[in-house]
There are 2 protein chains.
Amino acid sequence: MQSSQTASGTVKKALSVLDQVASFERPVRLNELVEVSPYPKGTLYRMLQTLRSEGMLTYDETKQAYSLGIRLVRLAHTAWTQSSLAPTARPILDALSKSIGETIHLAQLDNAQVLYVDKRNAQRPVEMFSQAGKVGPAYCTGVGKAMLAFLPETELQQVLEQQSYHRFTPHTLGSVQELRDELSNIRTRGYAYDREEHEPGIICIAMPILTRTKRVMGAISVTSTTSRTSLDQLEALAPKMHQAADAIAETAVHWRFPVEQKTKEKMEG
Amino acid sequence: MQSSQTASGTVKKALSVLDQVASFERPVRLNELVEVSPYPKGTLYRMLQTLRSEGMLTYDETKQAYSLGIRLVRLAHTAWTQSSLAPTARPILDALSKSIGETIHLAQLDNAQVLYVDKRNAQRPVEMFSQAGKVGPAYCTGVGKAMLAFLPETELQQVLEQQSYHRFTPHTLGSVQELRDELSNIRTRGYAYDREEHEPGIICIAMPILTRTKRVMGAISVTSTTSRTSLDQLEALAPKMHQAADAIAETAVHWRFPVEQKTKEKMEG
DNA sequence: CCTAATTGTTTCAAATAGTGAAATGATAGT
DNA sequence: ACTATCATTTCACTATTTGAAACAATTAGG
């Protein structure tokens with residue numbers, strides 16, 4: 001599962017070290033890293049120093065431990081603004097949230113995983129990276145299935161192979177075949193459900209965000225609990241969600257492909 | 001103020017390219033990059049390929065343009081969780097927000113700039129561009145000045161030199177001497193004001209977050225507009241903010257220096 | 001206070017990965 | 001079809017990275 005074994009290039013290597021540090025989800029010491037890293041101590045040490053001096057890692061002197069640095073947060077803000085649907089979708093999500101009043105997620109596919117890029121909580125206001133930035137499995141979440149269903153076969157094939165199937169609940173789809181059947185249903189229905197497939201008691205309805213040419217851009221979902229709501233009740237939200245999804249796609253296309261900008265004027269020193 | 005000129009190491013170089021891409025704040029083409037980059041085309045090209053294949057950049061084929069990739073968002077989520085005050089401060093900010101009802105920011109210093117790591121909106125939201133991950137100047141924002149005021153002289157000196165002083169409004173402090181005087185006042189007063197120094201009509205009161213040993217961890221601020229509130233009214237919030245700042249510092253120290261974890265169990269293949 | 005053990009840091013010749021000027025493709029405009 | 005503009009590849013040259021092992025610093029135990 002490691003994508004970092006054959007790290008030939010230096011940059012690749014550095015990023016794999018970053019990932020390694022991230023995977024600990026707590027400050028980590030050099031020797032701990034050595035044990036799980038394919039690189040020898042000296043190499044790792046120098047790499048950590050470089051990353052640290054670049055602000056990609058922070059170093060806690062008293063504990064002699066490295067964590068991911070806040071320079072990443074800064075970069076991610078730009079990434080989030082540039083490459084995610086979140087900024088364009090924001091007003092639309094706000095409106096949807098107001099109208100529906102349940103927890104809403106906006107997700108995109110990132111490397112066979114679901115990446116949540118925005119969220120509206122039932123009550124609380126905007127939480128940025130608290131939820132945005134989180135990843136989850138594609139095959140057993142509403143947003144994940146909604147996106148998979150509309151992926152071209154070749155891409156779908158790849159993504160399905162990369163899933164590490166795990167039975168989170170009794171309702172989790174256990175085989176690729178089951179999943180494919182489900183995806184087929186989703187395609188005809190137009191949207192997906194999560195019937196407690198990821199977490200017990202949690203259900204959701206998820207609507208893909210598609211361009212006019214049916215390319216998958218992302219998905220939105222409305223989540224609730226079995227104790228509060230039934231799937232039928234959620235289904236009633238489908239039209240509103242469909243409308244929101246279309247609006248997001250529409251806005252995003254205009255935003256990402258604005259009228260040809262004249263870049264005639266070169267900026268000279 | 002490029003910090004990337006003397007990029008000797010490959011990693012350093014790669015990161016400077018990332019920054020370069022980020023600075024455009026829109027998808028950017030190779031040739032545009034060439035014009036502002038110290039590296040020749042071939043080198044840049046290969047670097048972009050590497051970064052792209054690593055998911056740090058996304059590439060829009062139709063426009064032949066690079067943007068920051070969503071892998072950054074994923075990494076940043078961990079960084080935000082690990083290295084920012086935001087997660088620990090969250091409940092405290094929530095409470096403060098509820099009690100005050102104005103826009104609240106939580107910021108930290110990142111490389112001589114102010115980095116906003118969390119935010120609570122006012123009930124009637126003030127239209128302002130500031131979100132988690134956003135950066136701003138340290139010398140003319142409330143949170144910035146609050147932190148600078150309690151920096152040790154050596155560090156302060158460095159940071160002051162790195163500011164690129166710009167007169168955003170008629171109230172912006174224009175010289176290092178003015179700023180130093182202001183910082184001195186802040187030190188005795190215990191907190192900082194922003195008197196429309198960054199944006200016209202926007203004022204704020206900012207409280208530093210200090211450890212018991214007076215090391216600067218960050219700052220919180222309450223923002224309002226001149227049309228709604230006066231500085232005197234904001235000043236009334238100082239005690240509450242002080243309390244919150246102390247609470248955050250307290251919690252953070254406990255959180256960042258937890259009791260020694262046993263890591264005895266090695267994970268073996 | 002000393003010794004042993006652990007972890008962090010530096011060294012240096014060898015190996016490799018990165019460089020960049022210039023040639024080659026690809027594409028859009030006239 | 002011709003030209004201009006940009007992206008991509010080439011290749012001899014160079015500088016950076018490598019990693020085993022020595023060294024230093026810190027911690028734990030007696």
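Just so it is clear: chains get the letters A, B, ... in the order the sequence lines come, proteins before strands, and each one is counted from 1.
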Given DNA chain C, 5'-ward residue of the pair A/Arg46 and A/Val11, judged by closest heavy atom: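 Nearest nucleotide further toward 5': that of A/Arg46.
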For B/Arg71, all residues meeting salt bridge (charged side-chain N to carboxylate O under 4.0 Å, His left out), sequence neighbours excluded: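 B/Arg71 satisfies salt bridge (charged side-chain N to carboxylate O under 4.0 Å, His left out) with A/Asp19, B/Glu54 once adjacent residues are dropped.
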Note down the inter-axis angle between the two ends of the helix from C/dC1-D/dG30 to C/dT30-D/dA1, five pairs each, to the nearest 10°.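 For the helix from C/dC1-D/dG30 to C/dT30-D/dA1, the axes at either end differ by 50°.
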Could you tell me the separation between the NZ atom of B/Lys12 and the C1' atom of C/dG18, rounded to a whole number of Å?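 The answer, rounded to whole Å, is 17 Å.
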Is the shortest side-chain N/O distance from A/Thr10 to OP1 or OP2 of D/dT16 below 4.0 Å?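 Negative; the distance criterion is not met.
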Can you find a side chain N or O atom of B/Thr43 that sits less than 4.0 Å from OP1 or OP2 on C/dG20?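 It does, given that an N or O in the side chain of B/Thr43 lies less than 4.0 Å from OP1 or OP2 of C/dG20.
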Taking only residues two or more places apart in sequence, or in another chain, which ones meet A/Phe168 in a ring-ring contact (aromatic ring centres under 6.0 Å, His included)?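 A/Phe168 satisfies ring-ring contact (aromatic ring centres under 6.0 Å, His included) with A/His166, A/His198 only.
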Pairwise 5' ranking along DNA chain D for B/Val34 and A/Pro40, keeping only the more 5' one: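 By nearest-heavy-atom nucleotide position, the 5'-most residue is B/Val34.
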Under the rule for side-chain hydrogen bond (donor to acceptor under 3.5 Å, both in side chains), what residues qualify as partners of [X], not counting sequence neighbours?
X        : answer
A/Ser53  : none
A/Tyr139 : none
B/Arg180 : B/Glu153, B/Gln157

Applying side chain to side chain contact (heavy atoms under 4.5 Å, CB included), can you list everything that pairs with [X], at least two apart in sequence or on another chain?
X       : result
A/Asn31 : A/Val34, A/Lys41
B/Gln64 : B/Arg29, B/Tyr59
A/Ala79 : B/Leu68, B/Leu72, B/Val73

Can you pull every protein N or O that's under 3.5 Å from an N or O on nucleotides 3-9 of chain C?
| unit_1 | atom_1 | unit_2 | atom_2 | d |
| --- | --- | --- | --- | --- |
| C/dT7 | OP2 | A/Asn31 | ND2 | 3.2 |
| C/dT7 | O5' | A/Asn31 | ND2 | 3.1 |
| C/dT7 | O3' | A/Arg29 | NH2 | 3.4 |
| C/dG8 | OP1 | A/Arg29 | NE | 3.4 |
| C/dG8 | OP1 | A/Arg29 | NH2 | 3.4 |
| C/dG8 | OP2 | A/Asn31 | N | 3.1 |
| C/dG8 | OP2 | A/Asn31 | OD1 | 3.0 |
| C/dG8 | N7 | A/Lys41 | NZ | 2.9 |
| C/dT9 | OP2 | A/Tyr45 | OH | 3.3 |
| C/dT9 | O5' | A/Tyr45 | OH | 2.9 |

Once base and sugar-phosphate atoms are separated, protein heavy atoms under 4.0 Å mark nucleotides 24-30 of chain C, 5' to 3', with B, S and - as -------
Sequence neighbours excluded - salt bridge (Lys or Arg N to Asp or Glu O under 4.0 Å) pairs with any residue from residues 158-168 of chain B: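 Residue pairs passing salt bridge (Lys or Arg N to Asp or Glu O under 4.0 Å), neighbours aside: none found.
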Donor + acceptor pair across side chains of A/Thr58, A/Asp60 (<3.5 Å):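 No pair is found: no donor N or O on one side chain lies under 3.5 Å from an acceptor on the other.
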